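Before any comments, here is the structure.
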Amino acid sequence: MFSYFLALGIISTIQMADALQSRSIEKSFESIEQQEGINARVRRSIGRQDCGRLDPFLMLDEMMGLGGNSGFPDHPHRGFETVTYVLKGCLTHEDFKGNKGVLNEGDLQWMTAGKGILHSEMPCGDGQARGLQLWVNLPAKYKMCDPRYQELKSKDIPKVEKDGVMVAVIAGKAMGIESKVYTTTPIYYLDFKLQPGASHFQEIGKTWNAFIYILDGKGLFGNVGGSKECSAHYTLLFNQKGDGIRFENNGSEVLHFVLVAGQPIGESVAQAGPFVMNTNDELRQAMLDFRMCTNGFEDANGWKSENGKALIAKLAK
Ligand code: FJE
Ligand code: FE
């Protein structure tokens with residue numbers, strides 16, 4: 001009888017250890033600053049030439065040192081979502097339907113461009129801004145949906161701290177808390193901060209693609225014994241072998257990173273900058289619609305953002 005329970009105990013212990021199997025890093029690379037928009041600098045994580053997309057994610061940019069005469073004046077989007085998260089400073093936005101707003105530190109805008117958005121994104125005043133913009137693809141049947149916004153103030157983003165691990169749940173769930181953001185495809189977007197010495201295991205769906213982009217500090221990622229040390233500005237791509245990802249802060253400063261994971265859409269992708277469709281024909285139609293102000297771009301006719309005009313006036317001086 002005793003050995004029976006002992007055996008059961010050992011089996012369940014093995015199963016528990018098994019359940020905490022971490023995925024391993026398949027590839028890691030550093031993002032160096034590049035020019036984007038007007039006088040803006042970004043570090044591009046996924047979506048670079050040499051890395052490509054990671055279905056359902058198209059791009060992740062860390063914007064930094066915005067301010068002064070910089071920003072992303074009037075530009076269109078179709079067929080996907082942009083998720084803008086401000087880490088420092090503040091960002092204003094304006095769109096062709098009259099939507100306007102300010103994103104302050106910790107605020108989030110989840111914009112479903114659907115069939116079309118024309119907008120501008122600018123830092124406020126002369127302040128320096130730091131943030132992230134993630135591009136999430138939409139499945140074919142939602143690419144031409146009506147545009148919509150989900151705006152979350154910092155206080156609306158659930159956060160929890162335990163044993164030196166702090167998480168802000170932008171999308172999905174972690175450490176017992178859940179985001180109210182609606183995502184078309186199931187997605188986790190988690191902002192982690194670990195104190196020196198802290199460690200955590202984050203579960204992720206078996207079939208999901210996942211990556212980490214490190215903002216500050218350094219840490220160990222992967223199974224104990226088989227982990228790899230990585231530091232700020234590195235993107236980590238993970239294999240699919242495991243139920244999640246284990247990480248640990250082995251440095252002396254705070255380790256700050258975002259973990260992004262999602263269920264792949266599995267459709268063909270045809271992209272031309274801010275238009276992301278399934279086929280080249282749809283892409284041609286998107287560019288035509290933008291030029292002709294049709295099929296969702298009606299309000300683009302003659303529209304110019306106020307902050308875009310202000311930037312152009314400042315640059316002309
Ligand atoms: C861009 C199309 C775009 N990274 N990070 C083409 F949509 C953009 C663009 C951005 C952007 C905006 C913010 Cl707020 C943050 C970003 C690209 O708006 F730069 C190009 N070249
Ligand atoms: Fe944009």
Side-chain angles (χ1 to χ4, degrees), residues 31-49 51 53 57-97 99-125 127-138 147-151 170 189 213 215 233 235 258 260 269-277 283 286-287 290-291 296-297 299-300 303-308 311-312:
S31 298
I32 52 159
E33 288 186 34
Q34 63 185 70
Q35 197 75 37
E36 261 306 352
I38 303 284
N39 296 327
R41 317 271 305 157
V42 302
R43 288 183 198 266
R44 183 152 297 166
S45 164
I46 60 152
R48 288 165 11 149
Q49 293 289 330
C51 158
R53 308 175 190 101
F57 308 106
L58 304 162
M59 189 196 83
L60 176 70
D61 274 2
E62 177 191 353
M63 50 182 149
M64 72 281 269
L66 296 173
N69 298 336
S70 74
F72 302 89
D74 311 9
H75 60 278
H77 293 280
R78 175 182 277 184
F80 65 102
E81 306 181 285
T82 67
V83 184
T84 311
Y85 184 43
V86 174
L87 298 163
K88 266 266 170 309
C90 109
L91 199 74
T92 66
H93 67 92
E94 259 182 77
D95 83 5
F96 71 154
K97 292 188 189 290
N99 300 304
K100 243 181 218 222
V102 179
L103 302 179
N104 289 300
E105 202 168 304
D107 294 351
L108 180 94
Q109 180 195 64
W110 196 293
M111 182 186 87
T112 307
K115 64 184 175 185
I117 280 283
L118 172 60
H119 72 167
S120 72
E121 296 155 294
M122 304 281 186
C124 325
Q128 296 287 305
R130 187 188 191 196
L132 293 168
Q133 189 167 87
L134 176 71
W135 289 11
V136 185
N137 204 3
L138 283 168
R148 75 164 189 142
Y149 291 92
Q150 298 175 79
E151 301 229 17
I170 296 166
Y189 187 178
Y213 177 72
L215 289 156
H233 315 310
T235 296
V258 289
V260 184
V269 178
Q271 178 171 9
F275 301 112
V276 185
M277 305 303 289
L283 212 49
M287 292 186 272
F290 178 53
R291 189 144 43 89
F297 283 112
D299 296 327
W303 182 81
K304 280 191 172 61
S305 72
E306 292 302 322
N307 56 19
L311 176 61
I312 289 156

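Since the structure is predicted, the reported quantities are computational estimates derived from the model, not experimental observations. First listed ligand is number 1; within each ligand, the first listed atom is number 1. Counting begins at 1 with the first residue of the sequence.
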### N-O pairing of R44 and E36 below 4.0 Å
yes
*asked:* Is it true that R41 and Q35 share a donor-acceptor pair across their side chains at a distance under 3.5 Å?
replied: yes
Separation between CH2 (W110) and OG1 (T82), nearest 0.5 Å, reads 10.0 Å
- Within the side chain of D74, is there an N or O that forms a donor-acceptor pair under 3.5 Å with the backbone of S305? yes
So the angle subtended at the Fe ion (ligand 2) by E121 atom OE1 and H77 atom NE2, rounded to 10 degrees, is 180°
The atom of H75 among N, O or S that is nearest the Fe ion (ligand 2) is NE2
Self-check item: V136 side chain near F57 side chain, heavy-atom distance below 4.5 Å
Solution: yes
With the criterion set at N/O pairs under 3.5 Å, what does the list of contacts between the protein and ligand 1 look like, atom names and distances included?
| from | atom 1 | to | atom 2 | distance (Å) |
| --- | --- | --- | --- | --- |
| ligand 1 | 4 (N) | D61 | OD2 | 2.7 |
| ligand 1 | 18 (O) | H75 | NE2 | 3.1 |
| ligand 1 | 21 (N) | E36 | OE1 | 2.6 |

side-chain contact (heavy atoms from CB on, under 4.5 Å) test vs M111 passes for just one of H93, E151, H119, namely H119
Item to complete: Would you indicate whether the side-chain heavy atoms of V102 and N104 approach each other to under 4.5 Å?
Response: yes
